[in-house]
Amino acid sequence: MRKKIVAGNWKMNTTLTKGLELVDELLQTSTNDSILKIIAPPFIHLASVADKLNGKEGFELAAQNCHQSANGAFTGEVSAEMIVSVGAKYVIIGHSERRIYFGETNATLYQKVVTALANNLVPIFCVGESADDRSANVHLETVKQQLKEGLFNLQLDDFSKVIIAYEPVWAIGTGATATTHQAQGMHNFIRSEINKKYGKDISENTSILYGGSVNAENAKELFACLDVDGGLIGGASLKAAEFASIINSF
Ligand code: PEP
């Protein structure tokens with residue numbers, strides 16, 4: 001059975017003190033033990049948040065990115081091995097902000113996925129179309145290409161560890177959430193592409209999260225969609241009460 005997951009991506013927000021307060025509040029208010037909760041703070045806060053989460057059932061830690069090389073002369077970058085060494089088990093790869101602002105291509109992202117997996121770090125691989133793609137009706141083709149180039153060269157064993165997040169770029173931070181029809185349609189399409197490539201068992205067991213302006217009001221109906229296995233939450237994950245309410249809406 002595939003895992004139900006709610007992950008919070010803090011992006012480049014919070015100070016260490018505020019981040020640790022946020023975790024404290026979250027630990028007190030998120031009562032849903034049946035799902036996996038993942039927190040993705042900035043790199044510099046990972047070790048401290050790991051200390052706070054230590055031994056807390058159902059909570060795990062993710063980085064927001066990793067470098068594709070194992071180590072070396074890449075000033076300012078952070079490796080998969082470093083991330084694991086401070087207690088994180090997950091890493092977000094291919095967030096649209098990385099693709100748009102840092103020029104990360106599907107080919108680079110595939111290398112990051114390979115490096116993460118080689119270090120036992122589970123990738124949360126983001127896909128999603130732009131507003132222009134959707135109005136030109138090429139959204140399925142865009143996501144298909146991201147899956148093909150970013151993930152589908154993995155061997156089955158490796159692919160089976162990956163979590164996918166569908167995040168339409170037009171819905172991120174805009175308040176324009178995908179409708180349940182749009183979300184379910186794309187999640188079902190992604191699952192069918194996985195089925196074609198890796199077979200039914202793997203496709204049925206891959207967790208596919210929805211991300212894009214999820215909040216306490218719309219989480220329940222999105223999570224009720226057959227092929228939506230949870231959410232990747234940006235802005236709302238910075239407010240403990242709202243994030244807890246999203247977690248508790250499963
Ligand atoms: C995100 O950045 O992954 C995201 C989904 O952001 P928001 O929830 O703020 O739209």
Side-chain angles (χ1 to χ4, degrees), residues 4-14 18-19 22 26 30 35-43 45-46 49 60-66 88 90-104 109 112-113 116 122-131 133-134 139 142-143 146-147 150 162-180 182-184 186-187 190 207-223 225 227-250:
K4 301 287 183 191
I5 302 167
V6 172
N9 174 14
W10 293 1
K11 312 192 186 189
M12 197 174 74
N13 292 299
T14 72
K18 288 200 176 121
L22 185 53
L26 199 57
S30 56
I35 63 161
L36 175 61
K37 282 106 26 201
I38 302 177
I39 299 174
F43 282 133
H45 301 163
L46 278 172
V49 176
E60 293 292 350
L61 197 58
Q64 298 173 16
N65 177 32
C66 70
Y90 298 83
V91 59
I92 298 170
I93 294 178
H95 192 282
S96 60
E97 288 150 16
R98 299 293 317 173
R99 293 174 184 264
I100 295 167
Y101 304 133
F102 300 93
E104 295 188 357
L109 296 172
K112 292 188 181 216
V113 168
V122 174
I124 301 172
F125 187 80
C126 301
V127 296
E129 80 283 1
S130 66
D133 288 340
R134 191 157 273 267
H139 49 291
T142 298
V143 169
Q146 290 168 340
L147 292 169
V162 173
I163 295 164
I164 294 174
Y166 167 56
E167 299 208 308
V169 179
W170 48 269
I172 295 181
T174 59
T177 321
T179 62
T180 51
Q182 288 170 323
Q184 170 57 23
M186 183 60 90
H187 282 234
I190 293 170
S207 295
I208 309 175
L209 314 183
Y210 169 79
S213 296
V214 177
N215 58 38
E217 276 76 54
N218 59 29
K220 204 174 185 65
E221 60 173 13
L222 285 162
F223 296 168
C225 297
D227 288 294
V228 176
D229 305 306
L232 178 53
I233 321 296
S237 73
L238 293 166
K239 298 172 225 149
E242 178 148 28
F243 192 49
S245 157
I246 292 170
I247 288 169
N248 295 338
S249 66
F250 243 119

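One-based numbering, in listed order, for ligands and for the atoms of each. If you're wondering where the values come from, they're calculated on a predicted model, not measured in any experiment.
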Are Asn248 and Ser245 close enough that a side-chain donor and a side-chain acceptor fall under 3.5 Å? no

Going by atom types alone, do Glu129 and Tyr166 pair a side-chain donor with an acceptor below 3.5 Å?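 Yes, because at least one side-chain N or O of Glu129 sits under 3.5 Å from a partner of the opposite role on Tyr166.
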
Atom pairs and distances, side-chain donor-acceptor, residues 211-219, under 3.5 Å, sequence neighbours left out:
unit_1 : atom_1 : unit_2 : atom_2 : d
Ser213 : OG     : Ala171 : O      : 2.6
Ser213 : OG     : Thr174 : N      : 3.4
Ser213 : OG     : Gly175 : N      : 2.7
Asn215 : OD1    : Glu217 : N      : 2.9
Asn215 : OD1    : Asn218 : N      : 2.9
Asn215 : OD1    : Asn218 : ND2    : 3.4
Asn218 : OD1    : Asn215 : N      : 2.8
Asn218 : ND2    : Thr177 : OG1    : 3.1
Asn218 : ND2    : Ser213 : O      : 3.0

Is any side-chain heavy atom of Asn65 closer than 4.5 Å to one of Ile93? no

Interatomic spacing from OG in Ser237 to CD1 in Ile38 - rounded to 0.5 Å: 12.5 Å

Straight-line distance of Ile233 CD1 to Leu238 CG, nearest 0.5 Å: 11.5 Å

Heavy-atom cut-off of under 4.0 Å around ligand 1: list whichever protein residues fall inside it, by chain and number.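 Close residues (ligand 1, cut-off 4.0 Å): Lys11, His95, Glu167, Ala171, Ile172, Gly173, Gly211, Gly212, Ser213, Leu232, Ile233, Gly234, Gly235.
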
